[in-house]
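Working notes, structure below.
Quick note: residue numbers are just sequence positions, from 1. Order of appearance sets the numbers: ligands from 1, and atoms from 1 within every ligand. These figures come from a predicted structure and were not determined experimentally.
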Amino acid sequence: MVLHRRIVFLFGLLALCWRAGGSENEYDEHSLVKLHPKTSSHLEAIKDLDNPEHGVQILKRSRTFDDTTDLLVPANRVQYVQAFAATHNITHDVRENYERTLESPERTPRRRMLRGFNIFEYHSYAEMQEYLDVLANKCPNIVKLQTLGNSYQGRKVRLVKLSSNHNAGNPVIFIDAGIHAREWVAPAMAMYLIQRLAIDPDAAKDLNGVDWYILPVVNPDGYEFTRSSKANRLWRKTRSKNANCFGVDGNRNYGFKWAVSGVSKNPCDKETYAGPKPFSEPETQMVKNALMEYGKRIKLYVSLHAYGQYLVYPWGYTGDYLPREWKKLDSLARMVSTAVQAAGGKPFRVMSAGKWYPAAGGSDDFAFGVVGVPYSYTMELTDGYEFTYPERLLKTVLPQFFEGFRAFGTQIRREFSPSRHKRDE
Ligand code: 0X9
Ligand code: ZN
């Protein structure tokens with residue numbers, strides 16, 4: 001009896017410990033609150049929600065009247081946030097038990113494995129890697145894989161280099177995706193781009209005189225973590241350990257104007273912890289090394305994210321001023337947006353990242369400010385479903401976004417390819 005009681009007691013303790021350890025990652029009992037700013041004083045009031053005292057997580061910011069600011073609010077803070085919105089007269093709506101609407105992470109059903117790789121589905125990191133090997137074997141002249149290193153938890157990170165002539169020294173378009181774990185549509189887009197460029201006969205013209213270097217999942221540890229359970233679906237950061245908490249926001253970790261704005265210095269902040277120092281994460285170091293390696297050959301850098309349908313350019317660390325070349329950055333972004341729209345997609349909101357909201361240590365600023373890449377962007381894919389963009393819609397949107405990438409390619413070819421390629425356009 002005594003022994004039995006002791007066992008029950010021990011189990012009780014263990015259960016407590018496990019919960020305590022895991023609770024940092026859990027999103028149970030949260031509401032999604034959407035604020036609809038209509039005046040500049042609304043926008044001003046909303047800015048203050050960045051202050052951790054409010055106890056909310058900002059999933060998406062808005063600095064314009066045509067967009068919402070989306071907050072993830074613990075159940076016990078919902079009333080407070082509603083009062084905040086009422087005080088400032090801001091229209092808002094609340095979706096309770098938001099976590100229940102998140103899709104269950106699925107162990108790949110057998111049916112799917114037998115069918116082969118479907119590009120219009122969300123896949124595990126391992127499945128994506130396998131598919132890259134398939135493509136590299138199938139199209140060895142076009143697709144080459146370069147291992148950049150290992151993630152914090154030891155996953156191999158590979159860059160996919162697509163070229164019709166790997167020795168030509170063509171201008172390079174460098175694209176990465178998945179620095180933020182929960183933004184699944186970004187790696188899906190990167191994989192789609194890779195597939196189209198590798199096997200679509202029509203893509204020969206996209207590869208003419210321009211090389212595409214694509215890194216489909218920068219943060220595989222975080223990505224797999226978001227697949228591990230419904231409670232972890234909204235994880236954003238890497239999975240390194242700092243103090244007693246996990247993860248660094250990879251897009252606050254780059255070494256240009258590091259931590260001067262829009263970051264948290266608290267390792268337990270779930271969203272924007274900048275890390276103990278610039279490039280503290282193996283994942284951001286790998287991207288940095290690759291950017292440095294191809295240096296001046298890179299003419300366009302695009303970091304794929306979600307969500308909100310924004311296409312933003314430097315500077316990201318400040319909204320006070322723009323780079324000298326901002327008109328070129330702005331006009332290419334608008335061309336891309338027009339191309340996506342012509343393909344039936346939604347247009348992008350185009351502006352500098354810092355005018356949207358200042359946040360330092362982003363990869364776009366590093367590529368532009370340190371590597372000297374003339375065109376550098378962050379592309380926020382999709383709008384309307386937060387981070388859980390439905391799989392069934394991928395076959396509609398990915399081809400639409402592809403047309404935007406074609407527009408990017410056309411401009412890079414026009415501006416930077418040796419003249420012999422131009423007549424083939
Ligand atoms: O805040 C970010 O890192 C990006 N948005 S997201 O919702 N995907 O997290 C925007 C980054 C824009 N660029 C910089 N601020 N440098
Ligand atoms: Zn992101």
For [atom], grab the closest protein heavy atom and report residue, atom and distance to one decimal in Å.
atom	value
atom 15 (N) of ligand 1	Ala359 O, 3.0 Å
atom 6 (S) of ligand 1	Glu380 OE2, 3.5 Å
atom 13 (N) of ligand 1	Asp364 OD2, 2.7 Å
atom 11 (C) of ligand 1	Asn251 ND2, 3.5 Å

Any N or O on [X] sitting closer than 3.5 Å to an N or O of ligand 1?
X	answer
Asp249	no
Gly362	no
Tyr357	yes
Arg236	yes

Numbering as shown, the atoms of ligand 1 that approach His305 to under 4.0 Å (heavy-atom distance):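 Counting from 1, the qualifying ligand atoms are 8 (N).
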Any side-chain donor near an acceptor of the partner, [X] and [Y], under 3.5 Å:
X	Y	value
His180	Asn251	no
Thr68	Ser62	no
Glu415	Tyr375	yes

Contact check, Glu183 vs ligand 1, heavy-atom distance below 4.0 Å: yes
Cationic N near anionic O, under 4.0 Å, [X] to [Y]:
X	Y	value
Arg349	Asp66	yes
Glu386	Arg182	no
Lys47	Asp50	no

Proximity to ligand 1 by part of Arg252, non-hydrogen separation under 4.0 Å: side chain
is_close_aromatic(Tyr307, Tyr389), centroid dist under 6.0 Å: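 Judged by ring-centre distance (under 6.0 Å), Tyr307 and Tyr389 do not meet the cut-off.
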Residue pair Phe348 / Glu380: nearest heavy atoms and the distance that separates them: CE2-O, 3.8 Å
Rounded to 10 degrees, the angle ND1 of His305 makes with ND1 of His180 at the Zn ion (ligand 2):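 About 100°, to the nearest ten degrees.
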Axial cation check for Phe279 ring with Lys288, 6.0 Å and 45° limits: yes
Metal proximity, Glu380 vs the Zn ion (ligand 2), N/O/S cut-off 2.8 Å: no
Pro314, Gly361, Ala306, Ser303: member with heavy atom nearest to atom 7 (O) of ligand 1: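 Checking each option, the heavy atom nearest atom 7 (O) of ligand 1 is found in Ala306.
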